[in-house]
Structures are given as structure tokens and as C-alpha cells.
Amino acid sequence: MTDRKSSEPSATGAKGPDELRRQIARTRSELGDTVEELAGKMDVKGRAQARAADLRDKAGAMTVQLRSSAAQAGHTVHEKATQAGHLVQDRAAKTGHRVQDRTQRAGRITQGTATRTSAALERRAEHSVPRPARPLVMAAVRHPRPALIVGAALATIVVVSWRYPKK
């Protein structure tokens with residue numbers, strides 16, 4: 001039941017010994033390929049080894065890819081941490097400068113207030129303190145630290161003598 005209209009020659013009729021040899025060679029080649037395929041399908045151990053080798057190759061490739069991704073993530077984290085560190089350092093420096101400026105401003109204000117207070121105390125001392133005690137009071141106003149030390153010593157002597165009188 002061959003179709004005479006098809007373009008392939010029928011397998012049953014060879015037109016000469018050369019064509020018959022070619023058909024035999026082609027059939028042998030096809031049979032060889034078919035036998036190799038069947039032998040490959042029957043070789044379970046070989047197929048398993050080939051599959052294991054493929055899986056090992058895939059695992060190796062995935063390992064390389066994961067290591068590369070991890071290294072890149074590490075670099076990214078390092079860069080972001082460095083940027084954050086610089087940002088914190090910049091903000092700390094700006095805050096430090098701001099605090100320093102405010103402290104200097106407060107110091108100038110305090111110094112101005114102390115100068116005005118000192119001048120006011122000197123004017124009061126000149127007008128309200130009796131003439132014999134005026135140099136002592138003026139010295140205490142100009143140099144308050146030694147006056148405070150002497151005053152504290154005198155207060156201590158008074159308290160001790162009052163608390164523990166001689167008998």
C-alpha cells in the first residue's frame with residue numbers, strides 16, 4: 001500500500017544495485033541509531049551517573065552564583081554602613097559646632113552681665129560704704145574669689161567658736 005504520488009521512492013523497489021546498497025546503508029545507520037537509543041534507555045546506571053553529573057554542575061554553578069550574590073550584598077552593606085557612618089559623623093560635627101557657638105554666645109552674655117553687675121557693685125560701694133571700709137569692699141568687689149575664701153574662713157571660725165565655746 002504505497003502511495004505512488006509521494007516524492008519518496010518506495011522502500012520495496014530499488015532501481016538498481018547502487019540504490020539498493022544506499023538503502024541498506026541508510027537502514028543500517030537508522031538501526032544503529034535506534035539500537036544506541038534503546039541501549040541508552042536501558043543503561044539506568046549510566047543515565048543516573050549522567051543525571052548526577054548534571055546536578056553537580058548545576059549545584060556548582062548555583063554555589064558560584066550564591067557566593068557572588070553574597071559578596072555583592074556584603075559590599076552593598078559595607079557601602080551603606082560607611083555612608084551612614086559619614087552621615088552620623090557629619091551630623092555630630094554640625095551639632096558640636098552648634099553647641100560650641102551657643103556656649104560661646106552664652107559665655108559672652110554671662111561675661112557682659114558679670115561686667116555690668118561688677119560695675120554696679122563698684123558704684124554702690126563708692127556711694128554707700130563708709131570711707132574707712134571702702135578700700136576693703138572695693139578689693140572684694142574687684143577680686144571676689146579671695147574675698148569669698150576669707151569670708152568662708154571667718155564664717156567657719158565664728159561657727160566653731162559659737163558651737164564649742166571655751167569653758
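Residue numbers start at 1 and run along the sequence shown. Computed from a predicted structure; not experimentally measured.
Other members of the cluster containing Y164 are V160, with ILVMFWY side chains joined at under 4.5 Å, either directly or via other members.
The distance from atom CZ of R116 to atom CD of Q111, rounded to the nearest 0.5 Å, is 11.0 Å. With rounding to the nearest 0.5 angstrom, the CD atom of E79 is 8.5 Å from the NE2 atom of H75. Within the model, atoms CG of L31 and CG of L38 stand 10.5 Å from one another, a figure rounded to the nearest 0.5 Å. Atom CD1 in I149 sits 7.5 Å away from atom CZ in R145 (nearest 0.5 Å). Atom CD1 of I109 is separated from atom OG1 of T113 by 7.5 Å, given to the nearest 0.5 angstrom. Note: R134 CZ to E126 CD = 7.0 Å, rounded to the nearest 0.5 Å.
If you chain together hydrophobic residues whose side chains sit under 4.5 Å apart, M138 and L121 never meet in one group.
Looking at residues two or more places apart in sequence or on another chain, you find no salt bridge (Lys or Arg N to Asp or Glu O under 4.0 Å) involving R123. Taking the salt bridge (Lys or Arg N to Asp or Glu O under 4.0 Å) definition, one finds that D18 meets it with R21, sequence neighbours left out. With sequence neighbours excluded, no residue satisfies side chain to side chain contact (heavy atoms under 4.5 Å, CB included) with L136.
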N/O donor to acceptor pairs below 3.5 angstrom from side-chain atoms of residues 80-95, sequence neighbours left out:
residue: T82; atom: OG1; partner: H78; partner atom: O; Å: 2.8
residue: T95; atom: OG1; partner: R91; partner atom: O; Å: 2.8

Output a table of donor-acceptor pairs, distance under 3.5 Å, between side-chain atoms of residues 60-72 and any protein atom two or more places apart or on a different chain; print 'none' if there are none.
residue: T63; atom: OG1; partner: A59; partner atom: O; Å: 2.8
residue: S69; atom: OG; partner: Q65; partner atom: O; Å: 3.0

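Side-chain N or O atoms of T103 include one that pairs as donor or acceptor with a backbone N or O of V99 at under 3.5 Å.
Around atom CZ of R108, more than 12 heavy atoms belonging to other residues, nucleotides or ligands sit under 6.0 Å away.
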